[in-house]
Asker: 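Here it is, the structure, as structure tokens.
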Protein chains: 2
Amino acid sequence: MAADPLSRVFAALADPTRRDMVARLAGGDATVSELAAPYDVTIQAVSKHLRVLTDAGLVSRTRDAQRRPVHLEAEVFDLMTKWIERYRREAEERYRRLDDVLAAMPDDVEPVPPAQDRPAKEGTS
Amino acid sequence: MAADPLSRVFAALADPTRRDMVARLAGGDATVSELAAPYDVTIQAVSKHLRVLTDAGLVSRTRDAQRRPVHLEAEVFDLMTKWIERYRREAEERYRRLDDVLAAMPDDVEPVPPAQDRPAKEGTS
DNA sequence: CCCTTCTTCAACCAAATAGTTGACAACAGT
DNA sequence: ACTGTTGTCAACTATTTGGTTGAAGAAGGG
């Protein structure tokens, strides 16, 4: 099991069903059966997804009679956002600097040759 | 295999080793063996991690003699950021509105009581 | 031409995950 | 005190994942 919080949050959101649940919970709290309704799986499976989201700190549970309403905890998103933004910014800054270097480079200095594609199967988007 | 791009990106970053690689690539391109050096796993394992990151569109590969330098593609982060921001904002907005409602609520209306969790493993009658 | 370096491919293994069914706990309403 | 509703727990299964070893592809340097 992934011990660190960031891994848990990313892993929790790597599943489309769980992302859809989060999306719907952003519109308001819901019970397990309400959440389960749109999906073609058992309510137990949904209960398991909810456990993953809870362990990741993305949702919290309360009690209302037999029901266990699910509540979205939006603050945890910040963990991810901060991580993502940090490295994206760092990388983009580096490219900007690289562009400056290239722009300032005299004509007779050849940059890295194009390195053409080999016939292999691999495809990069 | 997760078909949708968003799932692939989240899943790719759910692993601490892969996140660390991304973090280091934000500082500049690197070869596979350079990337592998700090970790206590085989170079093949690192190569597999790289494949996951590539499939997620987070990195791209080129060729330089025998080497296959790895390059961070920062734009893909936007996919996640957009998703995250959308639902966080939505949820937070909803709470703000809820706060307004609560603030405007007369004193004699009680909100839901705390209702703490109970273990309930094997209770008989 | 070998030979070494850098990297990937293939087969295999252990552990985690997402799903299932079946049982049962907690509570509400007669 | 039953009965139905809501949800969880436990055990089982199939698939995916992250790791291993061993072999092989691709390119450069004697």
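Worth saying up front: this structure is predicted, and the values here are computed from it rather than measured. Each chain gets a letter, A, B and so on, in the order its sequence line appears, and its residues count up from 1.
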Asker: I need the CD1-P distance between Ile43(A) and dT21(C), as an integer number of Å.
Answerer: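 Taking CD1 of Ile43(A) and P of dT21(C), I get 14 Å after rounding.
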
Asker: Applying ring pair (Phe, Tyr, Trp, His ring centres under 6.0 Å) as the test, list every pair that has at least one member in residues 37-65 of chain A; sequence neighbours left out.
Answerer: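 As it turns out, there is no ring pair (Phe, Tyr, Trp, His ring centres under 6.0 Å) pair with a partner in residues 37-65 of chain A once direct neighbours are skipped.
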
Asker: Are Thr81(A) and Asp78(A) linked by a side-chain donor-acceptor pair shorter than 3.5 Å?
Answerer: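 Per modelled atom types, Thr81(A) and Asp78(A) side chains form no pair under 3.5 Å.
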
Asker: Check the distance between dT8(D)'s C1' and Gln44(A)'s CD and give it to me in whole angstrom.
Answerer: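 For the pair Gln44(A) CD and dT8(D) C1', the rounded distance is 8 Å.
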
Asker: Should Arg61(A) and Val70(A) be marked as a side-chain contact (heavy atoms from CB on, under 4.5 Å) after you check the CA-CA gap, both sets of side-chain angles, and the distance that decides it?
Answerer: CA-CA 5 Å; Arg61(A) 318 291 306 269; Val70(A) 185; 3.6 Å; yes

Asker: Need to verify one output field. Residue with the more 5' nearest nucleotide on DNA chain C, Pro69(B) or Ala11(A)?
Answerer: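 Closer to the 5' end of DNA chain C: Pro69(B).
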
Asker: Ignoring hydrogens and geometry, is there a side-chain-to-backbone donor-acceptor pair from Glu93(A) to Glu90(A) under 3.5 Å?
Answerer: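 Between the backbone of Glu90(A) and the side chain of Glu93(A) there is no qualifying donor-acceptor contact (under 3.5 Å).
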
Asker: Which residues in residues 30-42 of chain B have at least one heavy atom lying under 4.0 Å from any atom of DNA chain D?
Answerer: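 Close to the strand are Val41(B), Thr42(B).
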
Asker: Mind listing the residues from residues 47-54 of chain A sitting with a heavy atom below 4.0 Å of DNA chain C? Number order is fine.
Answerer: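 Within this stretch, Lys48(A), His49(A) sit under 4.0 Å of the strand.
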
Asker: Quick check: is Val52(B) connected to Val32(B) through a chain of hydrophobic side chains (ILVMFWY, heavy atoms under 4.5 Å apart)?
Answerer: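 No; tracing contacts between hydrophobic side chains, which count when under 4.5 Å, never links both residues.
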
Asker: Is a side-chain donor or acceptor of Arg18(B) paired with a backbone partner of Ala11(B) at a separation under 3.5 angstrom?
Answerer: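 Pair found, side chain donor or acceptor close to backbone of Ala11(B).
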
Asker: Is there a residue in residues 19-27 of chain A whose heavy atoms reach under 4.0 Å of DNA chain D, and which residues are they?
Answerer: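 Of all residues in residues 19-27 of chain A, none places a heavy atom under 4.0 Å from DNA chain D.
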
Asker: With a 4.0 Å limit, can you tell me whether Arg61(B) has a side-chain N or O closer than that to the phosphate oxygens OP1/OP2 of dT8(C)?
Answerer: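 So the side-chain polar atoms of Arg61(B) do come within 4.0 Å of the phosphate oxygens OP1 or OP2 of dT8(C), strictly under.
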
Asker: Sequence neighbours left out, what passes salt bridge (charged side-chain N to carboxylate O under 4.0 Å, His left out) with Asp29(B)? Give chain and number order.
Answerer: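 Here the qualifying residues are Arg94(A).
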
Asker: Residues two or more places apart in sequence or in another chain: which of them pass salt bridge (charged side-chain N to carboxylate O under 4.0 Å, His left out) with Glu85(B)?
Answerer: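 Only Arg88(B) meet the salt bridge (charged side-chain N to carboxylate O under 4.0 Å, His left out) criterion with Glu85(B).
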
Asker: How many Å lie between CZ on Arg68(A) and C1' on dA26(C), as a whole number?
Answerer: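 For the pair Arg68(A) CZ and dA26(C) C1', the rounded distance is 10 Å.
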
Asker: Taking only the side-chain heavy atoms of Arg63(A) (C-beta and beyond), determine which of dT7(C), dA26(C), dG28(D) contains the nearest atom.
Answerer: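 Shortest atom-to-atom distance from the side chain points to dA26(C).
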
Asker: Any heavy-atom pair between the side chains of Ser60(B) and Thr54(B) that's under 4.5 Å?
Answerer: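 Side-chain contact under 4.5 Å: no.
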
Asker: Does Arg18(B) make a side-chain N or O approach to OP1 or OP2 of dG18(D) shorter than 4.0 Å?
Answerer: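 Answer yes for this pair, as a side-chain N or O of Arg18(B) is under 4.0 Å from OP1 or OP2.
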
Asker: Ignoring hydrogens and geometry, is there a side-chain-to-backbone donor-acceptor pair from Arg63(A) to Arg68(A) under 3.5 Å?
Answerer: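 Judged by distance alone, no pair lies under 3.5 Å.
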
Asker: Separation of Arg8(A) atom CZ from dA16(C) atom P, in whole Å?
Answerer: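 It works out to 14 Å between those atoms.
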
Asker: To the nearest Å, give me how far apart CG (Asp55(A)) and C1' (dT8(D)) are.
Answerer: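 One finds 14 Å between C1' of dT8(D) and CG of Asp55(A), rounded.
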
Asker: What about Gln66(A), does its side chain sit under 3.5 Å from the base of dG29(C) through a donor-acceptor pair?
Answerer: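 Check fails, no donor-acceptor contact within cut-off.
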
Asker: Output yes when at least one side-chain N/O atom of Arg67(A) is less than 4.0 Å from OP1 or OP2 of dC27(C), else no.
Answerer: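 Checking dC27(C) against Arg67(A), no side-chain N or O comes under 4.0 Å of OP1 or OP2.
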
Asker: Side chains of Ser7(B) and Arg19(A): donor-acceptor distance under 3.5 Å anywhere?
Answerer: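 The answer is yes; a qualifying pair exists.
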
